[in-house]
Amino acid sequence: VIGAEKISLEQEEGKLLTAYYGDQMLWQFQYDAGQAKPFFHPVSAVAGGTLTWNSPPDHLWHHGLWFSWKYINRVNYWEPNRQTGRPDGRTQWNGAQITSHEDGKVTIQMQLTYRPKDGEPVLEESRNMVIVPPRPDGSYYFDWTCSFTATAKEVVLDRTPLPDEPGGEVYGGYAGLSIRMAKDLVDREGITEMGPIEFSPQARYRGKAKVMEYAGTLNGQEIGVTICDHPRNLNHPSPWYAIRSNVMSYYSPAVICYAPHTMEQGDQLTLRYRVLIHPQKWNADRLAREYAQYIAEIVE
């Protein structure tokens with residue numbers, strides 16, 4: 001019976017937290033301070049295989065399920081500098097506070113700092129992630145809260161410009177919470193609470209919605225990832241950025257897709273999301289129900 005198993009944890013202090021569901025590795029949180037970002041990989045479906053891909057050869061800086069800004073004050077926090085192997089913008093943290101609850105939930109709390117490699121911090125973040133064990137239908141979720149505070153006089157969060165903007169690129173618009181999905185995911189499609197989406201001839205989708213699913217077939221099993229955007233998030237309903245190319249299955253609630261966001265010293269920005277991992281592809285009605293449940297449950 002799904003939901004009857006207990007979550008068990010193994011921890012390598014300061015580096016790894018692994019959650020098992022019965023004998024299956026359900027997810028692993030990698031947070032060694034020597035790496036560029038903290039991230040979740042693998043993220044697996046119950047009896048459905050590993051859904052994420054860490055450091056694929058086409059984008060070594062894609063890390064399963066992770067959060068990264070693109071540019072802060074014109075400094076790149078996303079990709080590594082080819083000469084140094086590290087992003088010029090540094091995301092820094094010192095460990096994580098991990099709590100295991102009797103009901104099987106796991107809470108991970110972190111304090112992160114964003115700074116140019118040779119400069120003072122420009123942004124601080126308090127990150128709280130709650131991972132809930134599988135429900136009877138085999139789905140489980142990550143409730144993700146990021147609270148940012150500007151420490152520099154001015155902080156401009158930006159992204160590669162969109163194709164119709166000056167200097168724009170076909171791939172412009174990404175930043176924020178992201179998931180890079182497994183190499184072998186096929187029959188891929190996206191859907192929002194308003195219905196199926198259409199990818200462009202360049203294999204991209206950009207649009208706004210409260211909730212979006214990216215789903216496909218993996219090892220013969222239908223599987224999906226659904227992300228809910230909290231109604232108090234910046235630019236809600238969220239801009240989405242998704243890719244369905246020959247080499248890439250990727251999507252993101254790309255909060256600053258359509259415009260940069262400027263903060264003054266002391267300003268705060270809080271982003272909240274629910275990331276659901278589930279068997280089967282869900283329809284628009286199911287997405288709407290899951291979204292309603294999310295906003296009913298989330299504590300302000």
We want to know whether [X] and [Y] form a side-chain donor-acceptor pair, criterion being a heavy-atom distance below 3.5 angstrom.
| X | Y | answer |
| --- | --- | --- |
| Asn76 | Asp88 | no |
| Thr107 | His101 | yes |
| Tyr205 | Glu198 | no |
| His62 | Ser55 | no |
| Thr270 | Ser147 | yes |
| Thr113 | Gln92 | no |
| Tyr77 | Thr91 | no |
| Arg204 | Tyr171 | no |
| Arg272 | Thr145 | no |
| Gln28 | Thr18 | yes |

Can [X] and [Y] be counted as an ion pair, charged N to O under 4.0 angstrom?
| X | Y | value |
| --- | --- | --- |
| Arg180 | Asp58 | yes |
| Glu193 | Lys208 | no |
| Asp229 | Lys210 | no |
| Arg274 | Glu297 | yes |

Taking atom CG of Asn94 as the centre, report whether more than 12 heavy atoms of other residues, nucleotides or ligands fall under 6.0 Å from it.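 Counting other residues, nucleotides and ligands, CG of Asn94 stays at 12 neighbours or fewer.
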Hey, is NZ on Lys70 packed in by over 12 heavy atoms from elsewhere, all under 6.0 Å?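 Buried by this count: over 12 neighbours within 6.0 Å.
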Decide side-chain contact (heavy atoms from CB on, under 4.5 Å) for Ser252 and Tyr174; before the verdict, give the C-alpha distance in whole Å, the side-chain angles of both, and the deciding distance to 0.1 Å. CA-CA 7 Å; Ser252 166; Tyr174 58 87; 5.7 Å; no
ring-ring contact (aromatic ring centres under 6.0 Å, His included) for Phe148 and Trp69? Distances and angles first, verdict last. CA-CA 12 Å; Phe148 301 94; Trp69 292 114; 5.3 Å; yes
Can you measure from CE (Met212) to CG (Leu287) and round to the nearest 0.5 angstrom?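 Here the rounded value is 10.0 Å.
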Distance in Å, Leu16 CG paired with Asp32 CG, rounded so as to fall on 0.5 Å steps: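 It is 7.5 Å, given to the nearest 0.5 Å.
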Give the intermediate values and the outcome of side-chain contact (heavy atoms from CB on, under 4.5 Å) for residues Ile277 and Ile223. CA-CA 8 Å; Ile277 312 299; Ile223 209 154; 5.7 Å; no
Between Trp61 and Trp66, does the ring centroid distance fall short of 6.0 Å?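 Judged by ring-centre distance (under 6.0 Å), Trp61 and Trp66 do not meet the cut-off.
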Looking at the rings of Trp144 and Phe40, which for Trp means the six-membered one, are their centres under 6.0 Å apart?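 Centroid distance Trp144-Phe40: below 6.0 Å, so yes.
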Could you go through Met263 and Leu123, starting from their C-alpha distance and side-chain angles, then the distance that decides it, and tell me whether this counts as side-chain contact (heavy atoms from CB on, under 4.5 Å)? CA-CA 10 Å; Met263 304 169 69; Leu123 195 66; 4.2 Å; yes
